[in-house]
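Report on one structure; see the data block that follows.
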2 protein chains.
Amino acid sequence: MNKTLLCFAATAIAFTPSFQATADDHAPPTLAEVADAALVSDTYAWDFVEGVTTEVGPRQAGTEAEERARIWAMDWLEKHGFANIANEPFEMETWVPGTTHSVEILEPFPQPFVIQPLGNSASTGPDGITAEVVEFSSMADLSAAEDGSLAGKIAYISHQMRPSMDGSHYGFAGPVRWFGPSIAASKGAIATVIKSVGTDNSRNPHTGGTSFPARTTPIPAGALSLPDAANLERMFDRAGDRTITMKLVLTPSLLGTTLSGNVVGEIVGSNPDLPPVLLACHLDSWWNAPGAFDDGAGCGIITAAALNVAKTGQPLRTIRVLLAGAEEVGLWGSKAYSEAHIDEPIAVGIESDFGADRIWRFESNFRGSNPDLHGRLADAVARFGVANSSIVASGGADLNIARDQKAAIIDLQQDGTRYFDLHHTPDDTLDKIDPVQLRQNVAVWTTVVGILANEERAIQSGDTIADVGPAIKAAR
Amino acid sequence: MNKTLLCFAATAIAFTPSFQATADDHAPPTLAEVADAALVSDTYAWDFVEGVTTEVGPRQAGTEAEERARIWAMDWLEKHGFANIANEPFEMETWVPGTTHSVEILEPFPQPFVIQPLGNSASTGPDGITAEVVEFSSMADLSAAEDGSLAGKIAYISHQMRPSMDGSHYGFAGPVRWFGPSIAASKGAIATVIKSVGTDNSRNPHTGGTSFPARTTPIPAGALSLPDAANLERMFDRAGDRTITMKLVLTPSLLGTTLSGNVVGEIVGSNPDLPPVLLACHLDSWWNAPGAFDDGAGCGIITAAALNVAKTGQPLRTIRVLLAGAEEVGLWGSKAYSEAHIDEPIAVGIESDFGADRIWRFESNFRGSNPDLHGRLADAVARFGVANSSIVASGGADLNIARDQKAAIIDLQQDGTRYFDLHHTPDDTLDKIDPVQLRQNVAVWTTVVGILANEERAIQSGDTIADVGPAIKAAR
């Protein structure tokens, strides 16, 4: 670190994070020292995620709860010395889940199941609907059903998702949720229930958005918990010729246009001519959980990394954190941020939005175009058990601006083996976070952000972005 | 096995289980052979528990669902060749949970939690109640509160339960549920919420009965899921001087007197003068789950053991299975069975009601009075990894008759390490059962029941029953 720069930072700029050079001329810690300390004793990330899950809780996009989250987050950023804190509001069309979510089999084996509506689900009305259920064991089977063959019926769609470290089985099973209800509707179905897109055996359904194209009228759509889905499938096995009749009550509604917002804050760099490093997460969660893994942890990790880097002295580039709004329900915040800031180049974008388990793989989209930087970053995180990779980074959901600007992108891939046990379920609570793995994230992020924020040369991208990446990640 | 007896069985008695001596004079398998086969390939137990969880589902005591369970079970027993199948009805006072179970913190950190009512909870009415919450970290703290000090308030009671192989932490933490609400009521509380008596971190509360003595008017009482209890405790840590305000809605009700029943069936023994061997489980479950661990598995294990023993030929003693009704809500079935049959001596009682994980310890109440039989049984199950023990067996909840008759009792203790992750929660579903461990239960039971049912000498008890046992087990 350049000592002159550092003194300038401490005296001339609104730059208050806790660990800066002091008058008695002690040298600030090195980046490696700060990262090592974070590995064993970082408290920023935990404090953020404990705080937002305890003091705010669930924060469905576009609602008053999400607004409380923004106020809470700005207060947290201010207390920790971030500069240029702002809420950047945007309008969105807001769906809310309603309060009644019930389902029961009436015949031939009467029993209640546990269900939650999918985002964008229509309402059954408070009295619900009762109809025959038709089983599809895969999207292929559903797609093969004849037009009109589901008229008056409820479609049940299953899948064969398994845990995967890289999260790739989300792309494998996700279409059941993303597109299943609209395909079923196009064949006449009056409602759709799916096997939760998840890998656990907890009695808690996985919600998440489903899409109805403009030409398709939304139908009620819900996710059964995995044990209930298994039970329904056993019923089909045991029912023989008997019809399985289901009563479904889901009461979501549309609030119309409401406000959401993106919260931003900065560790101001010493050279305003250099584009900033953008660290992203999302602040909203589904209504059914306080959003610890998704994505309180991510916001904790990125803010902790920025604060830890600041302990080494003022960085060359500004580090900007983007706590995006309304990610879950359609990337409203990511789109709004890109639209508002498209003319302000960023140096590089990185996002944390895949839980809190350890980072195991380093990816960039500049391995070919800037092999020196890619190599230095990969080498620096190797000691934390992070492998180099030739996969081209495509960025998280809230990095639309990086993709739109064709900027550099880094993906610090987290171990997703248990991510889809918790994803979008009521079980996404603080106790699921392993503090040791959370701190490994902070140590890796601190290392990467510290190098990037002090990189004087341009961090141009250039590698081809895999087309499949953004589409899958956008649906997270 | 005595071949003459066997032929008699096959020809002269209504004795149809599948594996009996045939005309071509093949010898039936030995008990050891049958137990070995059960260990690797028993299907009876799984078929029972899969069937009852799939085709019946939750079966709250005293309701129509429990009646369906009785019809289903009698049909299953008949299909599998049991004799003397009967439903022995009894009257009970029936509590049902109602449909609205919601709780939210209003101040200072608004967010909803997940709650379920405790058995015998009063109703808040559909509009709920709103009041300050007072935290007690233990029963001792609650007991120390001054009379009247909880007037108009909601008591929250915590505990420090940990997983325990022998289930002893249920006795440690259980009083929070069993007695906490009535103690809080006696100090003026208008409602009680407890940390679920459980050891998991799933977002599903543990219900279970609570007791209000005749002089205490029941108050609304519910269990928070463990993650929600932890969140509430963090709120107390963060609230400082601020009051925590809770809105609680629980709408259970009393149905008055309804019918429940005990289902019985027999493998008829060749010597009607010898008292039968009684194998017990309970057929009812709480409303919130299909009751796989508690106690569909137990009914599967005992019926499988009876059927496997029958494969070795007709036993000397009758093996009677008792699928008791209304256990969860106060041992109504156990009491009714004892009352009805108190004058019909049983030889020995054994119950399975602690999940489906492996049996690890053998206990009897005749180690001193009948050391030969105790030793033979312990030796016979050792090869399945079951240790002998000097603990005096006190029997499961449905063995009131054995205790009332001061009969012999055996406890085949199951590994309870994860039992209280699932106990009385919506998560008590079929997928939680490990088929390998379930079959170990069947192999051990088959061995023990086979020896007992062919024991010609009296199986007198005589050891002292530990006083604490029945009290704890009765509350299971």
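We name chains A, B, ... by the order of the sequence lines, and we start the count at 1 in each one. Heavy atoms only: backbone and side chains are in, while hydrogens, waters and symmetry mates are out.
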If every non-hydrogen atom of B:Arg203 is compared with every non-hydrogen atom of A:Asn204, which pair is closest and at what distance? CB-ND2, 3.8 Å

What pairs with A:Arg234 under salt bridge (Lys or Arg N to Asp or Glu O under 4.0 Å), at least two apart in sequence or on another chain? none

Please answer whether the main-chain N or O of A:Arg59 pairs with a side-chain N or O of B:Gln111 as donor and acceptor at a distance below 3.5 Å. no

Any side-chain heavy-atom pair of A:Asn231 and B:Leu430 under 4.5 Å: no

Non-hydrogen atoms of chain B under 4.5 Å away: do they reach the side chain of A:Thr429, the backbone, both or neither? side chain

Listed partners of A:Asp431 passing salt bridge (Lys or Arg N to Asp or Glu O under 4.0 Å), at least two apart: none

Pairwise side-chain contact, B:Arg68 with A:Pro110, heavy-atom cut-off 4.5 Å (strictly under): yes

Engaged part of A:Val56 at the chain B interface, taking heavy atoms whose separation is under 4.5 Å: backbone

Kindly give the heavy-atom pair with the smallest separation between B:Met235 and A:Thr54, and that separation in Å. CE-O, 3.4 Å

So which part of A:Asn288 gets closer than 4.5 Å to some heavy atom of chain B, the side chain, the backbone, both or neither? backbone

Taking all atoms of both residues into account, what is the closest heavy-atom pair of A:Pro227 and B:Lys432, and its distance? CG-NZ, 4.0 Å

Is chain B contacted by the side chain of A:Ala239, its backbone, both, or neither, given a heavy-atom distance below 4.5 Å? neither

